[in-house]
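Only a predicted model underlies this, so the values are computations on that prediction, with no experimental measurement involved.
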Amino acid sequence: MVSPPPGAGAAAAAAAPAGLRVGPAPRPLMGSRGHLGPSGNGGPGEGESGEARKLQEGRVARGKRRKGKGKAGAGQGGRGSGAEGKPEPQKAKEAAGLGIEAGARAGPGEEGEGGGSVEEGARRFTRGDEGSSEAGKEAKGRDDGRKEEWRVRTGRREDARPGRAQGRVGQARGRTAGAGTAMAAEVEKEEAAARESAGRPAAGPALWRLPEELLLLICSYLDMRALGRLAQVCRWLRRFTSCDLLWRRIARASLNSGFTRLGTDLMASVPVKERVKVSQNWRMGRCREGILMKWRCSQMPWMQLEGDSLYISQANFILAYQFRPDGASLNRQPLGVFAGHDEDVCHFVLANSHIISAGGDGKIGVHKIHSTFTVKYSAHEQEVNCVDCKGGIIVSGSRDRTAKHSGGCFPSCKVIRLLERTSSFVTGTACCGHFSPLRIWDLNSGQLMTHLGSDFPPGAGVLDVMYESPSTLLSCGYDTYVRYWDLRVSVRKCVMEWEEPHDSTLYCLQTDGNHLLATGSSYYGVVRLWDRRQRACLHAFPLTSTPLSSPVYCLRFTTKHLYAALSYNLHVLDFQNP
């Protein structure tokens, strides 16, 4: 071994830069030929510098392999690109060169750098590689985060429609798979908000996550007030509680909701919930009164409703008007005018796109609705009071005390009604002697089938009759009672009756086929509403004052409006917009 010359350590220490740490000198390295290099210049020999270069190149190669692994890891964790994980080459080279240069200055005999400077440079190179890789990842993550945040924000503006929101949120979640837990949580919130507007509530009792069929069964036991409160919880429950199935049972128990006693829906196009709301106005008597038409002279009008059209008789004419969308007003220009009688029209019915009318001239007119075609029949010698038509058969009753149809003649009557799909009809007359005012006749043979009632007072004539089914009917008249008959129970006594509180004659009646009953009185144009499950009258609406006192000659109503024809005016009661 050769010792370094004296004073060489001090000279190297003085020549080393101030920023480099000087440590104990390692053992000198052998050159590539096994000889020591000259030591006079204070740096490593030729063989030593070649070995140092090989060692440095090996460490640089290992650093590159580590860099490749970091780059692969960054590609798996995030989106990854060729630029990720790359160290900054200039800084790494400077760090490695600095270590080599310090070793060259220290020389093999000094206690400073030498071989230690090479290791230090390699370590700095590796640390620079790792640090630059981490810095590259951090910068890339921040950049990706900003891009995804911009995409999500623009997606929020585009996803105004909830139908496309779920697809857009799914795309955003796919893009931000490697953006971190914070971005994933924000995307989940967006997705939950999109589902909330269209689906069931995400939170709340487990009851709302049951199948809809089971929920419908459970909610069908709720009353109207409970369903109304339930609809105020959230939007989904509001839509769910608007289902017709939930309101059908309530509607059948309500007044004038469009359901008959047998459950037939007469207004299938109108939501059941809306009908139940209007039904409460009928029960509470909340309505707005108005006048549709006025006449200059006193008349005895009769009217019929068909769809959005009103047919009403004025003197010897029948006029057809169309309702406006609100149902509480008419277009002033009539759709059609039907004439043919020489005197006033007393009564008419609508049947198979035809109008069958009875006149004071003793004739029956048949008018085609959509044309001016009219046929007149000379049926009676005096005024024809009533007429009905079912199945192509016309039956009429006259003041000449006869009721006629094409095949026979019957005793006198003031009102007549044919029973649909049967061969019988009912007549109403004045109660004279021991004869009942209500009788049922066989249409084919002309024979009397039965009398209805046995306790009518003398003179208690019948003015209006209405069939509800082949075995049930309603009647009213001079005796101030409305009677309900069921032929399956008894023909001698009615099953239910309602008395007019002011002892007035009842000119007309109308029913919804279920629970509501409306009657028109002879004094002051009083219209009364009855609940057939109760004895007392629900509400009374006087439509005229004392100077213009008039009977109510005819009543008709829909689920929203009631129309009453008096001597001088046609009145309307609007229950939809009270």
**OP:** Apply side chain to side chain donor-acceptor pair (under 3.5 Å) to the pair Arg261 and Thr472, showing each step before the final yes or no.
**Re:** CA-CA 12 Å; Arg261 188 165 295 186; Thr472 58; over 6 Å; no

**OP:** Report the relative orientation of the aromatic rings in Trp498 and Tyr484; use parallel for angles under 30°, tilted for 30 to 60°, perpendicular for over 60°.
**Re:** tilted

Original post:
Within the side chain of Ser471, is there an N or O that forms a donor-acceptor pair under 3.5 Å with the backbone of Arg488?
Top reply: no

Original post:
Are Gln322 and Asp308 close enough, and set up right, to give a side chain to side chain donor-acceptor pair (under 3.5 Å), and what steps lead you there?
Top reply: CA-CA 6 Å; Gln322 186 175 16; Asp308 60 348; 3.2 Å; yes

Original post:
Can you say whether the rings of Tyr507 and Tyr553 are parallel (under 30°), tilted (30 to 60°) or perpendicular (over 60°)?
Top reply: perpendicular

Subject >> Euclidean distance, Ile355 CD1 relative to Gln304 CD, rounded to 0.5 Å >> reply: 9.5 Å

Original post:
Taking all non-hydrogen atoms of both residues, which atom of Trp485 and which atom of Cys494 are closest, and how far apart?
Top reply: CZ3-N, 3.5 Å

Subject >> Partner set under salt bridge (Lys or Arg N to Asp or Glu O under 4.0 Å) for Arg248, not counting sequence neighbours >> reply: none

**OP:** Check for a donor-acceptor pair, side chain of Asp512 on one end and backbone N or O of Gly258 on the other, with a separation under 3.5 Å.
**Re:** no

Original post:
In terms of side-chain geometry, is the basic nitrogen of Asp531 or Arg533 positioned less than 4.0 Å from the acidic oxygen of its partner?
Top reply: yes

Subject >> Test item: Asn331 side-chain N/O and Gln333 main-chain N/O as donor-acceptor pair under 3.5 Å >> reply: no

Subject >> Backbone of Val270 reached by a side-chain donor or acceptor of Arg275 within 3.5 Å >> reply: yes

**OP:** Ignoring hydrogens and angles, tell me if any N or O in the side chain of Asn514 forms a donor-acceptor pair with the backbone of Arg252 under 3.5 Å.
**Re:** yes

Original post:
Between His367 and Ser357, does a side chain to side chain donor-acceptor pair (under 3.5 Å) hold up when you go through it step by step?
Top reply: CA-CA 8 Å; His367 316 270; Ser357 61; 3.1 Å; yes

Original post:
Backbone N or O of Ser504 within a donor-acceptor pair of the Glu500 side chain at under 3.5 Å?
Top reply: yes

**OP:** Just grab all the side-chain hydrogen bond (donor to acceptor under 3.5 Å, both in side chains) pairs involving residues 213-223, residues at least two apart or on different chains.
**Re:** none

Original post:
Trp236 vs Phe240 aromatic rings, parallel, tilted or perpendicular, using cut-offs 30° and 60°?
Top reply: parallel

**OP:** Could you pull out all residues at least two apart from Phe557 that satisfy ring-ring contact (aromatic ring centres under 6.0 Å, His included)?
**Re:** Trp282

